[in-house]
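Residue numbering restarts at 1 for every chain, and letters A, B, ... go by the order of the sequence lines.
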There are 2 protein chains.
Amino acid sequence: MPQAENLKKSGLKMTLPRMKILALFESGSERHLSAEEVYRQLLQAGDDVGLATVYRVLTQFEQAGLLVRQHFDNGKSVFELNQGEHHDHIVCLQCGRVEEFYDAEIEARQAQQAAARGFEIQGHVLHIYANCLKDDCPHRR
Amino acid sequence: MPQAENLKKSGLKMTLPRMKILALFESGSERHLSAEEVYRQLLQAGDDVGLATVYRVLTQFEQAGLLVRQHFDNGKSVFELNQGEHHDHIVCLQCGRVEEFYDAEIEARQAQQAAARGFEIQGHVLHIYANCLKDDCPHRR
DNA sequence: ACGCAAATGATAATCATTCTCATTTGCGTT
DNA sequence: AACGCAAATGAGAATGATTATCATTTGCGT
């Protein structure tokens, strides 16, 4: 029961809502979920959780390092399982496809830029917006 | 009167609130302003504008390409004059201070990463979140 | 100067998220 | 296996940023 282990390590009790929420991400039909989506999926599954709890738990999981939060330009944010390695996102403007990438040089340069200005870097967001050239992507302009 | 030209080109009437708001950015004591900050500065200057108008006008200016909007992870967004050249942002999580930077290597790497995955890059968002070490920055939470 | 669509300002509404607090629950201890 | 209590929860109120509504005002072409 790996999620239980993770909860314990984070100093969080193994409560029903927490297990359910973590299970949602780990069963992972969808990798990225907003708080509202988590809430709706739990309700549909017949679980009686409060929206406040969903927000609380997601935030705790983020702080515990179990989840990573992504804020998008439209003001919404989604969570995804933290699978260890940091990555950035490239998003297709046409079809919404999301791919992940990691570039050590980019990471290093960011650290340099921050340090050079007297900032202690806490994190960053790098979203590349693009058009993908996949066959099933609707390429109208 | 360059701002008047810009307004006309955008199909927007040359109204008092719009001139005032644009002038704020062009006189540019501060480069990045939130809607709330624009509102407060106008009130302080004795101009009687409504907050709704500020939001409306900022959005219109963004659509007209006069301003660029930056969404930050803390939920706030700021506007800055669109001066053509691209740059990224580093934001202090404590005091909200914003600085700009540009790193050619980061830009080049992004292009590579996108191309390697078959994406035609259209744009990107790179926000570094950090704590600044300035004296007037409230380092309590 | 006239008229009318466009723009404004005051306020209500919305949306995502956080807070409050009375009740419930997990879990270490008997 | 029941007890006790801090931690966690759920319902709803509160918040903060932004958007919508609508009666009044204003820019600007005639």
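Checking A/R56 against A/T59 by side-chain atom types alone, no donor-acceptor pair falls below 3.5 Å. Side-chain contact check for A/Q113 and A/R117: at least one donor-acceptor pair (N or O, by modelled atom type) lies under 3.5 Å. Checking B/E99 against B/H32 by side-chain atom types alone, no donor-acceptor pair falls below 3.5 Å. At a cut-off of 3.5 Å, with distance as the only test, a side-chain donor of B/H124 or B/H86 sits close to an acceptor on the other residue.
Taking atom CZ of A/R40 as the reference point, atom C1' of C/dA16 lies 13 Å away to the nearest angstrom. Taking atom CG of residue A/L58 and atom P of nucleotide C/dA16, one finds them 15 Å apart after rounding to whole Å. Whole-Å rounding puts the B/Q63 CD to C/dA7 C1' distance at 15 Å. A/K20 has its NZ atom 17 Å from the P atom of D/dA8, to the nearest Å.
Shown here are the salt bridge (Lys or Arg N to Asp or Glu O under 4.0 Å) partners of A/E107, two or more places apart in sequence or in another chain: there are none. Applying the side chain to side chain contact (heavy atoms under 4.5 Å, CB included) rule to B/E30 yields the partners B/L33, B/Q41; only residues at least two apart in sequence or on another chain are considered. Residues meeting the side chain to side chain contact (heavy atoms under 4.5 Å, CB included) test with A/Q60, sequence neighbours left out: A/L12, A/R18, A/V57.
With A/R31 as the fixed residue, the salt bridge (Lys or Arg N to Asp or Glu O under 4.0 Å) test singles out one of A/E26, A/E100, A/E37: A/E100. A side-chain contact (heavy atoms from CB on, under 4.5 Å) with A/Y55 holds for exactly one of A/L51, A/L58, A/T53; it is A/L51.
Between B/F119 and A/L133 the shortest side-chain heavy-atom distance does not fall below 4.5 Å.
Contact annotation: A/R18 reaches the phosphate of D/dT9 (side-chain N/O to OP1 or OP2, under 4.0 Å).
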Identify all pairs in which a protein N or O lies below 3.5 Å from an N or O of nucleotides 28-30 of chain D, and state each distance.
from   : atom 1 : to    : atom 2 : distance (Å)
D/dC28 : OP1    : B/M14 : N      : 2.9

request  = Take nucleotides 10-20 of chain D nucleotide by nucleotide from the 5' end and write B, S or -, depending on whether a protein heavy atom sits under 4.0 Å from the base, only from the sugar-phosphate, or from neither.
outcome  = BBB----SBBB

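End-to-end axis angle for the helix from C/dA1-D/dT30 to C/dT30-D/dA1, using five pairs per end and rounding to 10°, comes out at 30°.
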